[in-house]
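See below for the structure under consideration.
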Amino acid sequence: MMTNSQIATLLRHVAASYTIQNEAKFRFQILAYQKAADAIESSPTEIKDYIASNSLDSLPGIGESMKKYLEELIETGKVSHFEVILKDMPEAFFPLLDIPSFGPKKAFKLVSYFKFKDKNTVLDELIEKARNNEIASIEGFGEKSQEDIIQAITEFHQGVNKNSRMVLPFAQEIADKMLDYLKKSSAVEKVYTLGSLRRQKETIGDVDIAVASLHPKEVIEHFCAYPYKDRIIERGEASASLLISGGKHIDLMVQPPDRFGSLLQHFTGSKEHNVKLREFALKKGLSLSEYGIKRKGSDTVDAYSTEESFYSALGLSYIEPEIRENIGEIDLAEKNNLPKLITLNDIKGDFHLHSNYPIEPSHDMGRNSMEEMVENAISLGYQYMGFSEHNPSVSKHTSPQTALLLEKRYKKIEQINEKYKKDIRVYSLLEVDILSNGDIAIDIIAFDYLDAFLVSIHSSFSMPRDKMTERILKGLSHPKAKILSHPTTRLIGKRPGIDVDWDKVFDFCHKNNKAMEINSFPQRLDLPDSLVRQAKTHGVKFMIDTDSHATEHMSLMRYGISVARRAMTTPDDILNSWEYNKFNDWLLNS
DNA sequence: GCCGTTTTCGGCCCGACTGTTTTCAGTCG
């Protein structure tokens, strides 16, 4: 079985081989293979599943030929066309491509020069050659590049065991620290976080920052003097880049205020959005860059101080950063048909809250009392909320004991409703395990003490797809089971999601008025944005919840909102943005 | 090799920075 990332690597190897064989001749094949590799790598759906559903060409950059190659790859484990392209490349060539600052040319030159043979030792051998001063004399290399090779491989070895991408709050913290630092310089007029952090992608590689200033030199000077840097990676007139601890980069770009709009647009990306946007502009005879817009045949570059004016000059309505991912947003902007995305202000309740109310749960309890969480919800302006502690543990309780615990809790929630009735409606919910056979962890005699419940998977994560799908559908089949909580169960960077026939689950949810949760915990963000998009096409509705185990977690809602925005959802799609009566009707009567 | 409101051919984003050069090639985003 090949993973998407392994397939992407294979395609990049093909592109690199083409580059060595004849870059000019294969120029556009090289681009095509790289584009296909990007698309596959960033796709959450396995290639074999695309093939199974015959939808491979829905991926941008996968056409007729690539489709055939991938089918051959999944079926036989190899592609004869690729083998012909790759057969003359030494195997020691490929590991070098993983090293930052190495491309195909440099890698091939060194491997050929030293006649490296072994892919397992080539990195060490190359460092050895550099230390022995055998590289500086090669044509096109020198003392500095010899040193750079040692540094690049060493840093690669240090960083390779770490998770290479950060979860959002971690990256935000790095960015905020730098923003505070930059604001100390009087040369800085405006400063923004851009790149994937501005687009609120679920994980962040590098932190990108833009500054508006009439004195770029001073700004770069100040930036490069950042006390928490490991070293300066590059330093130019309008941009610079720092390495900070953990192998992360902070990249900076500077433009004067009157060109800040095009800089924001350029540096926010995504790369795929920008490429598409520039192709779109070219057809209108316009060439785009961070400096502005150049009309064909003209030498002047028109400046735009805001992104709105930049997009408007292309005949497009403003595109929110979260959806700049080449997912059809440019077409929609051209037709002035972009959806009005959900915002944090639209949210009227949180439905996945763990208090410390003692019901001897199967998993971790919350830290705060029900009252504390209710008061926090009121301060957030919510109109309704639900407590959904984990069910009492199955092994330690008989079914009547569980019912008794839930009855007591129900009375407690009734008291709370009485106390806070002017401000908020509190529902009695529960997060109920779906056991491995599809049964749920509470008995029907407990249902009376619940307005509704969430179901979720907390065990037996690796089951065959058919069995797992059946398990989820069975768990959701109870009338009061309304929400599938953290549906994929993934933990970013730690645990992949479960294997499920999502189309089947989404169809079931749509037909039976069940909701998918968008869990806001930054390590979860589950459903992921791409599956939210997929679910939306089935007509599925969503609950954005925090899964809070303490009052301060309740502010994580913003990350779930980001996921929902990236999936182009509107308030109509998000149940907990609905007015109370409509929402109540869905929860209790649908 | 991909793609389409200039559609089945003939295009394909745009520029910064570095090191090794003396005008440019390679890499990156």
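Throughout, protein chains are lettered first and strands after them, A, B, ... in sequence-line order, and every chain is numbered starting at 1. Not measured: the values here are computed from a predicted model.
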* To do: For dG1(B) and dT5(B), measure between their C1' atoms and round to the nearest Å.
  => 24 Å
* To do: Kindly confirm whether the side-chain ring of Phe102(A) is stacked on the base of dT27(B), judged by centres under 5.5 Å and planes under 30°.
  => no
* Once you round it to whole Å, what is the distance between P of dT20(B) and CD of Glu147(A)? -> 11 Å
* To do: For dG26(B), take OP1 and OP2 only and decide whether either is under 4.0 Å from a side-chain N or O of Lys105(A).
  => yes
* Could you check Glu329(A), Glu307(A), Glu272(A) and say which one makes a salt bridge (Lys or Arg N to Asp or Glu O under 4.0 Å) with Arg324(A)? => Glu307(A)
* Hey, are Glu202(A) and Arg524(A) close enough for a salt bridge, meaning a charged N less than 4.0 Å from a carboxylate O? -> no
* Is the shortest side-chain N/O distance from Ser241(A) to OP1 or OP2 of dC17(B) below 4.0 Å? -> no
* Per His81(A) side chain, nearest of listed nucleotides dG15(B), dG19(B), dG1(B) -> dG1(B)
* Asked: Rounding to the closest angstrom, what is the interatomic distance between dA16(B) and dG11(B) at atom P?
  -> 27 Å
* Asked: What's the closest nucleotide to the Glu234(A) side chain, out of dT18(B), dG29(B), dC2(B)?
  -> dT18(B)
* Asked: Charged N to carboxylate O under 4.0 angstrom, Arg533(A) versus Glu325(A)?
  -> no
* Pick the P atom in dC17(B) and in dC12(B), then give their distance to the nearest Å. => 26 Å
* Return yes if some donor-acceptor pair links the side-chain N/O of Asp230(A) with the main-chain N/O of Leu243(A) below 3.5 Å, else return no. => no
* To do: Please measure how far the P atom in dC13(B) lies from the corresponding atom in dC2(B), and state the result in whole Å.
  => 15 Å
